A.B. asks: 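Below are the structure tokens for one structure; questions will follow.
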Amino acid sequence: MQKALIARGMRDFLPEAMRRRRRVIEILSAVFERFGFEPVETPALERLETLEGKYGEESDRLIYRVLKRGQGGEEGESDLGLRYDLTVPLARLVAMNPDLPLPFRRWQIQPVWRADRPQRGRYREFLQCDVDVVGSSSPVADAECIAVVDAALTALDLGEFEIRVNHRRVLRAMADVTGVGHKETDVLVALDKIERVGREGVDAEWAARGLPPRATARLWALLDLAPAAARPLDALAALEPALSEEGRAAVRDLERILHLVGALGVPEARIRFDPTLARGLDYYTGAVFETVVVAPRIGSLSGGGRYDRLVGTFLGRDIPAVGVSLGLERILAVIEEAGTLGGPTAPARVLVAALDDACLPAALEASARFRAAGQSTWVAPEPLPMKKALRQADRRRIPFAAVVGPDEAAAGTTFLRRMADGAQWVLPAADLLPHLEAGPPTPDATG
RNA sequence: GUGAGUGUAGCUCAGUUGGUUAGAGUGCCAGGUUGUGGCCCUGGAGGUCGUGGGUUCGACUCCCAUCACUCACCCCA
């Protein structure tokens, strides 16, 4: 015999989990549609050259590669890879469909694959839920991306969350004006860890990366102009005069976005300007966002930003774009932690069983009537003694049991028992449905 | 890719300084009379102690390797 094992970082979803996932997906896609985004799907596999070089050197190594068919594969060559995110495939799709009317607003919920080590809330195959606006450089597009995240997380009743925003060019300006523009990456990589390692930790890493103390002192002075507690627009206003012209332009861009976000109805308290927010993906060029919750300490729930150069790598001319990605697995982790899930679920409203073989046809006729009336019906394929029929219904949390025995079959009736309180009836076919419909709602975690 | 920890019944875990037939709870199955679930009582099935070596008279227990999982780092959804 072979031992049954699932591949590392991959998961099966049992019915209980599937019901939760589908419910969240339904809510998200409804919000996306409400914002006027259109659905799209792209293949799991992309040509390797489409994927490579878009995410940064580190991330390229996390792309799953597929061996070539035939001779090349035996020699270890690969030409295809599993998609690493939904943004790069979107850029490819837009470049291949020049007739699409721009701006193109699309939503997409599909799995992506990353070959890193699994951890809490982190898997090798996971579902991303993306919305993007391609073909507009207006800050309205940025603002809508923030607003749709806010609407989605609000619709899911996730509790408290915070959307952090920053701007790639603000970061660059901070490095420039402190004289370490040539070490921008070193500045960012260390700064991004501030929440985990604190100021001292960042200082230590900056020093280790060869930044002169004079520069790091000036960086801190800049960062202190925009304290975390401050209202985002105040923080931006305080920082602006200290930056280069490029940085000031970026600040103004962010200010416009935040004003528009407010106009779209997002409470100001949800937004925080975070000058330490860097984000890893190479393709971002402007505003960047990230959503975090306080509750379980997992990574961000969503991430995104503006990427005005990505489509151009496939097209030869740039098309501006901005988008966000919500992580379904992390959303579910938060929902589960918050316990807003309700109890276990039932596979059906009524269980139908026959006491012996001769009664099966009559039982099936009853099930057909239930189903025709839209009631989900679980049929016991083998005849069951009364005790077992009720036990099955009880353990599956099915609220009603309908049983046909010799007496009922002879009389043309069905025995119906309401499991919650033990009320029971023997009824002709025509009288069954009102009793079913009047009963307690079918237990369902997703309401 | 780096570091640490854990692997005993379907599930959650006990298992004393190495010593006879490896336990509990839960779940599962069957009973507690006639066509009635949950609660209670009784009984039962179920384990190559992750796998492979080694040390020893003797290994679930000690050592090595290997695999799997978990957590942290890196990075991210």
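In the text below, chain A, chain B and the rest are named by the order of the sequence lines, each starting its count at 1. These numbers come from a predicted model, not from an experiment.
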A.B. asks: Can you measure A:Leu14 atom CG to B:G10 atom P for me and round it to whole angstrom units?
C.D. replies: 17 Å
A.B. asks: Whether A:Asp132 and A:Arg106 form a salt bridge (side-chain N of Lys/Arg under 4.0 Å from carboxylate O of Asp/Glu) is what I want to check.
C.D. replies: yes
A.B. asks: Measuring from the side chain of A:Lys193 (C-beta onward, heavy atoms only), which nucleotide among B:A72, B:C74, B:A77 has the closest atom?
C.D. replies: B:C74
A.B. asks: Between C1' on B:U2 and CZ on A:Arg117, what's the gap in Å once rounded to a whole number?
C.D. replies: 8 Å
A.B. asks: Whole angstroms only, please: what is the CZ-C1' distance between A:Arg124 and B:C69?
C.D. replies: 12 Å
A.B. asks: Please report, rounded to the nearest Å, how far the P atom of B:C29 is from the CG atom of A:Leu384.
C.D. replies: 12 Å
A.B. asks: Using the 3.5 Å cut-off, write out each protein N or O paired with an N or O of nucleotides 34-37 of chain B and the distance between them.
C.D. replies:
| from | atom 1 | to | atom 2 | distance (Å) |
| --- | --- | --- | --- | --- |
| B:G35 | O6 | A:Asp407 | OD1 | 3.4 |
| B:G35 | O6 | A:Asp407 | OD2 | 2.3 |
| B:G35 | O6 | A:Glu408 | OE1 | 3.4 |
| B:G35 | N1 | A:Glu408 | OE1 | 3.0 |
| B:G35 | N1 | A:Glu408 | OE2 | 2.8 |
| B:G35 | N2 | A:Glu408 | OE2 | 3.2 |
| B:U36 | O2 | A:Arg417 | NH1 | 2.8 |
| B:U36 | O2 | A:Gln424 | OE1 | 3.2 |
| B:U36 | N3 | A:Gln424 | OE1 | 3.1 |
| B:U36 | N3 | A:Gln424 | NE2 | 3.0 |
| B:U36 | O4 | A:Gln424 | NE2 | 2.9 |
| B:G37 | OP1 | A:Lys387 | NZ | 3.1 |
| B:G37 | O2' | A:Asp394 | OD2 | 3.1 |
| B:G37 | N7 | A:Arg417 | NH2 | 2.9 |
| B:G37 | O6 | A:Arg417 | NH2 | 2.5 |
| B:G37 | O6 | A:Met419 | O | 3.4 |
| B:G37 | N1 | A:Met419 | O | 2.4 |
| B:G37 | N2 | A:Asp394 | OD1 | 3.0 |
| B:G37 | N2 | A:Met419 | O | 3.0 |
| B:G37 | N3 | A:Asp394 | OD1 | 3.4 |

A.B. asks: Out of B:A77, B:C73, B:C69, which has the shortest distance to the side chain of A:Gln119?
C.D. replies: B:C73
A.B. asks: Consider only side-chain N and O atoms of A:Asp60 and A:Tyr84, and report whether a donor and an acceptor are under 3.5 Å apart.
C.D. replies: no
A.B. asks: Quick check: on RNA chain B, is the nucleotide nearest A:Gly304 upstream (toward 5') of the one nearest A:Ala7, or the reverse? Name the residue that is more 5'.
C.D. replies: A:Ala7
A.B. asks: Would you call A:Arg209 and A:Glu205 a salt bridge, using N to O less than 4.0 angstrom?
C.D. replies: yes
A.B. asks: Output yes when A:Asp79 and A:Arg47 qualify as a salt bridge under the 4.0 Å nitrogen-oxygen rule, no when they do not.
C.D. replies: no
A.B. asks: Quick one: which residue pairs count as a salt bridge (Lys or Arg N to Asp or Glu O under 4.0 Å) with a foot in residues 37-46 of chain A, not counting sequence neighbours?
C.D. replies: A:Glu46-A:Arg92
A.B. asks: For the pair made of CG in A:Leu62 and C1' in B:C74, what is the distance, rounded to whole Å?
C.D. replies: 10 Å
A.B. asks: To the nearest Å, give me how far apart CG (A:Asp116) and C1' (B:A77) are.
C.D. replies: 10 Å
A.B. asks: Indicate, with a heavy-atom threshold strictly under 4.0 Å, whether A:Val189 touches base, sugar-phosphate, or nothing.
C.D. replies: sugar-phosphate
A.B. asks: Is any side-chain N of the basic residue among A:Asp142 and A:Arg306 closer than 4.0 Å to the acidic one's carboxylate O?
C.D. replies: yes
A.B. asks: Would you call A:Glu125-A:Arg11 a salt bridge at under 4.0 Å N-O?
C.D. replies: no
A.B. asks: RNA chain B: stems of at least 3 consecutive Watson-Crick or G-U pairs, cut-off 3.5 Å?
C.D. replies: B:1-7 with B:67-73, B:10-13 with B:23-26, B:28-32 with B:40-44, B:50-54 with B:62-66
A.B. asks: Tell me the interatomic distance from A:Arg396, atom CZ, to B:C28, atom P, rounded to whole angstroms.
C.D. replies: 11 Å
A.B. asks: Between A:Leu156, A:Leu153, A:Val149, which is the residue that forms a side chain to side chain contact (heavy atoms under 4.5 Å, CB included) with A:Leu301?
C.D. replies: A:Leu153
A.B. asks: Just how far, in rounded Å, is C1' of B:A77 from CD1 of A:Ile335?
C.D. replies: 14 Å
A.B. asks: Check the side chains of A:Asn166 and A:Tyr284 for a donor-acceptor pair under 3.5 angstrom, ignoring hydrogens and angles.
C.D. replies: no
A.B. asks: Just N and O in the side chain of A:Arg8: are any of them under 4.0 Å from OP1 or OP2 of B:C69?
C.D. replies: yes
